[in-house]
Every structure is written in structure tokens, then in C-alpha cells.
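Predicted, not measured: the structure shown is a model, and the values here were computed from it. Note that these values count all heavy atoms, side chains included, but never hydrogens, waters or copies made by symmetry.
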Amino acid sequence: MKKFRKKQPKQKAHVLKNTFFMLKCALKSAPISLFVIYFSYIAENIYYAVVVNVMFLETALSIIEGKGTFKEFAIKMCIIVAGKLLVDLLGYINVYTVRIKFEIKCESYINSLIFKKAQEVELGCYENPDFFDKYNRATWVIEKSGFKRIIEGSAWTMGSVISLVLLVVYLISIDPWLLVFLVCPVIVIGFRTLKNNLELQKEKDMTPYERQKEYIRRTILLKDFAKEIKTTNIFVVLEKRFRKAIEKNIQVIKKYGWKIALLECVSDYFAEIIPVTGGFVYGCYRLMVTEDIAISDFSVLVSAITTCRNKLNQLAYYFAMQQKHCLWVQNLREFLEYEPKIQGGGVIPEDFSSLEFKNVYFRYSEDSPYIIKDVSFKIEKGQTVAVVGHNGAGKTTLSKLLLRFYDVTDGEILYNGINIKEYDLLKYREKFSSVFQDYRVFAMTVSENVLTEEVTQQNREIAVNALKTAGAYEKIGKLPNKENSLLTKEFDADGVLLSGGETQKVTIARLFARNFDVAILDEPSSALDPVAESKMYDALIEGTRGKTVIYISHRLSSATRSDRILVFNKGELSEQGTHTELMNTGGEYSKMFELQASGYKGGECE
């Protein structure tokens, strides 16, 4: 495996495409709110840029100079006051009602897209650092309020463009040469774009180290790691990794910092000094030398130029911010547009009759060794099969291939004689019920954990019966809320913390709550003592009567109860047969069984 990832090309964010993507999402999730936000920002921009800075100033100066009638003045002031009330009302409605609902609806919609895609991607994506970096950046649309910023930025930009056009038309009506002083702020957009590209690249380079820091922060606070952290020196290692990630980020900041600062300085010069000074000097020239402009017109002219300058600067700023936020959207879009490598076919699987491995090879990548090597066997309906072997023999990988978390590198797996790649993926997996060795319970009720779906009056009893069959209800039934008790203390201080063995029983209960054809149990008794293990296997035999069951374990308790045993050694199927047949051959299985049996006799538990 390569130690270093290849240097990735610079990522480009297409502002218009990504903005339109966000607008499309907003139209689907909150169309009325989107309209109110746009109308509010456009009205606010026009009011303050045109009405206040030009119309109001022009009206006030005309009164001072004795131009116009009081009636004209009163009408203009009524328009200004009415405009102020309208803008403020829209602003309050936007801030205190519309925008809050808009954020909630849009974030919910985007999260639903992310969650749906996360369900579709293959298991291998979760073992790919590049995938995690992209996923992490994609969630910034939600975590950093990128959605809101893009929509508000686009609305403000549209309002600024409309008000700028009105101001430019006004300036042209006074003197077309005034447009010369507005060229500099336009140049600023170019500088700000260069600056923003550097900031985007800086954030991308910092992402792996930020993810390392976040992992360490999360790990230190998690209960699962607390005992190891408190009783070993691993905290020192974590702290050292955390500091190293910070040092790497500092190096990235040094690399880009001076360039960003220089571009910011140059853009500020072109944005602030030249247009204001130039416009003011030109106005003074017309006022004092050519004497072809009145003081009131001079004042309005300077105000209009200053406002145009501000609007162009704002446009440059918002364009730069849009580009930055659109990179988050770019990552989100690339994540949502990712096509999973494991795709289902169109065939709907029928009731199970057989499962066959034919010359199956598997490795995780082209430069990694084979985990499964030329494995062939067949399982018939109703059989109980034990897959045994030492740790690292390839047993768990077998279950991942069966469930199509990964596809075989070579060979094929047949379900009822048909390659499993031809089946509809979800329908195919529904034929199986699994208990994994790295079992997990969710911060939900016991019933929800067992049913793995919403609890209703119709399925509530199924959860209770499944818990009883798995031997878990003896403990659950004594809880104050019984099967409605909330597991873990993640969200409730009164949440229940089960022991490892009781937790495993709850996960085994999931098996009995489903209608399945084939059960796959990967180390189902790893957290149980020998007595509880024996009871569990009795319950499994009773609860899976007539079903096909595949036990995967390095402990051989399941093997003596199985119709057939598959012995794996270094990825190869080294032996297969019944318990009696394999014991008589005196091979690897016989040695493993005798070694474990001697451990039990000696009072130890393997």
C-alpha cells in the first residue's frame, strides 16, 4: 500500500452551476421563502443605494437651494418613508420567520440527500481517506450554513446588480466620463477571485489535518475509548498527533498567507483609493474650473460614485464568497453524483434454495494481497453451516461478499444458481438477516433497536417475542419502561447502559424480528460466557428451525451443532465436512477443537 496519496489537482467551483443547484434545492424545499428572501434583499439594495443615497440627498439639497415646490418635496418624502417601512417590514419578516423556516427546510432537504447517498455507497468508500475528506467538505454546506450563505449571497448580488444598473444610468445622464472611475472596482473582482482561489486551496490542504484533529477530539470524549485512555499512555500519542496536525496546518497557512495578504492589499487599494479620489477630483474640476455643475449636483454625484464603488466592492466580495461556498456545493454535488461501484440488477430473488461460491478470489485493491483464494462450496436450503478458522483467515470477508458489501475480484457467487450481481440489491439483501461481530446499538428505544424500523402497534409484539427468543427479555423486562427504554445516555441521563453480553443479545434479537431465508451470524457469542453461549445456540436452533444458518466464528461451539463445517486457513478453504468427519481426519479443525476443549477443561474460556 502506498504511504502517500497522489497530489490532487486543484478543484474548481463553478459559481453559476452550483448556485443554480442550490436554488433548485431551495425551490423544491421552500419556494415561498425563497421568493420572500429575494424580494427583501432586492428591495433593501434599491432603497438604500438609489432612494436614500441619491433621491433623498437630491431632494434635501434642492430644498436648500430653493428648487422645486413643497408639494414635490412632500411627495418624495412620502415615497421615501413608505419605502423605509416596506423594507423594514420585509427585513423583519425575513429575519424572524422566513429565514429560520427556510434554513430548517433546506437543511432537512440537503441532509436527506446526503443520508440517502450514504446508504447507497459501497462499504469500501468508508475505508478510503479521499472519500472521507470529500464527504467532510460536502457536509460544510450544512455545518457552516453554506446553503443559507449561497442563497442570501445570490439574492444580495441580484439586488446589488439592479441598484448598480440604476446608479450607472443616473451617472451616465450626468456625465459618461464618470464610468472611468468605476473600472477600478471591477478590476477588484479579478484580484478577489485570485485571493479566493488561494483560500479554497488552503482549506482543501488543511482538510486531512482538520479531520485528524476532529477524530482525536471525538475519541477523547467517547466512552468506548475512555478505559484505554485512562489506563495507558495512548493519550500521549493522541496529543502528539493533535499537535502535529496543528503544525501541518500552520505550514499550510504560511504557504498561502502572504499571497492572500498581498492580494487583499492590492484589491483594497483599487477598491477604495482610486475610485473615490478620482471621482472627487473630477467633480471638483467641473465645479471649480469649468463651473458647469451645481453644488447640489456635485454632492449627489460624489454620493452616487461612492455608492457605486461600494456596490462594486460588495459584488466583488460576494462573488468571492460565492466561489468559496460553491466549492462546498461542488463537493456536495460530487458526493451526490457518485455512482456506487456495486450496482444491483433487475432480477427479483425468489425463495432461497441454494448458495454457491465458485472459484472465488477477493482482495481489497490491486496492490493488496488476496484475502480469499479460489474458494468453492455450496450451501443447500435448511443447512446449518459453521465457518471456522483462526483470526485473519478470511471468515468475516466471506460474509461481506455474501451481502455484496464488496464484489468478488474473480469467480462468482450464485444464489439459486444465478450470479448475485444480477439481483436487485435491496431485495437480495432482504433475504438475509445478519448479526455482525462489531455489533452496535443505537441511541433509541430497545424496540427500535430490535425492529430497526419505526415501532407501531402492529409490530410491537414482534420486538417483545424476539427479545424473549434471544434471551434478552429477562433483563429488559425488569427495566422501568421495559422494551420502550432508551438505550445509552447519549440523549437522556436516564438512558440504559447494557453490559456487553446483554447488548449482544439485543442485536441477536434483530435476527428473530425479521422474515429471512438465510441467517449470517458473525461471532454471535463473542461477549457471552459459556453458559449464556450454550443457551444462545439453543435459542438460535429453535428460532431458525427450517431456515439456512451460517455461523462464522473462531470459537467452535457452533461447529458441533452444525450440519457442515468449512475450515478456512489464510484465505483458503482447507477442510470441510461434519464435526465427526473432521475430528477423524486429525487436520487443522481437530487441532483447533482439542486446543479449545483443553482450555475449557482447564477452567479457561477461549
How about [atom1] on [X], more than 12 heavy atoms from neighbouring residues, nucleotides or ligands closer than 6.0 Å, or not?
X      : atom1 : answer
Tyr215 : OH    : no
Ile348 : CD1   : yes
Arg363 : CZ    : yes

[X] side chain to [Y] backbone, donor-acceptor under 3.5 Å:
X      : Y      : value
Ser40  : Val36  : no
Lys117 : Leu336 : yes
Ser154 : Ile150 : yes
Tyr47  : Ile80  : yes

Listed by chain and number, what are the side-chain hydrogen bond (donor to acceptor under 3.5 Å, both in side chains) partners of [X], not counting sequence neighbours?
X      : result
Lys213 : Glu210
Ser160 : Asn45, Trp156
Asn484 : Arg460
Ser434 : none

Find the distance between NZ (Lys254) and CD1 (Ile250) and round it off to the nearest 0.5 Å. 7.0 Å
Do you know which two heavy atoms are closest between Arg510 and Asn449, and how far apart they sit? NE-O, 2.7 Å
For a quick test of reading the model, state the closest non-hydrogen atom pair linking Val252 to Tyr209 and the distance between them. CG2-CE1, 4.3 Å
Between Glu239 and Arg243, does any NZ, NE, NH1 or NH2 come within less than 4.0 Å of an OD or OE carboxylate oxygen? yes
Decide yes or no for [X] and [Y]: does some side-chain heavy atom of the first lie under 4.5 Å from some side-chain heavy atom of the second?
X      : Y      : answer
Ile162 : Met158 : yes
Met22  : Ile110 : yes
Arg429 : Phe405 : yes
Leu89  : Leu85  : no
Val87  : Ile46  : no

For [X], which residues count as a salt bridge (charged side-chain N to carboxylate O under 4.0 Å, His left out) partner, sequence neighbours excluded?
X      : result
Glu422 : none
Arg404 : Asp407
Glu337 : Arg333
Glu214 : Arg217

List in chain and number order the residues that pass side chain to side chain contact (heavy atoms under 4.5 Å, CB included) with Ala155, two or more places apart in sequence or in another chain; answer none if no residue qualifies. Ile37, Tyr38, Tyr41
With sequence neighbours excluded, what pairs up with Leu16 under the side chain to side chain contact (heavy atoms under 4.5 Å, CB included) test? Phe20
Could you walk me through whether Ile253 and Met206 pass the side chain to side chain contact (heavy atoms under 4.5 Å, CB included) check? CA-CA 9 Å; Ile253 292 170; Met206 290 174 67; 4.3 Å; yes
Sorted by chain and residue number, the ring-ring contact (aromatic ring centres under 6.0 Å, His included) partners of Phe21 (sequence neighbours excluded) come out as none
Residue pairs fulfilling salt bridge (Lys or Arg N to Asp or Glu O under 4.0 Å) with at least one residue in residues 33-50, sequence neighbours excluded: none
Check the angle between the aromatic planes of Tyr428 and Tyr423 and answer parallel, tilted or perpendicular using the 30° and 60° thresholds. parallel
How about Lys84 and Tyr48: does a side-chain donor come under 3.5 Å of a side-chain acceptor? yes
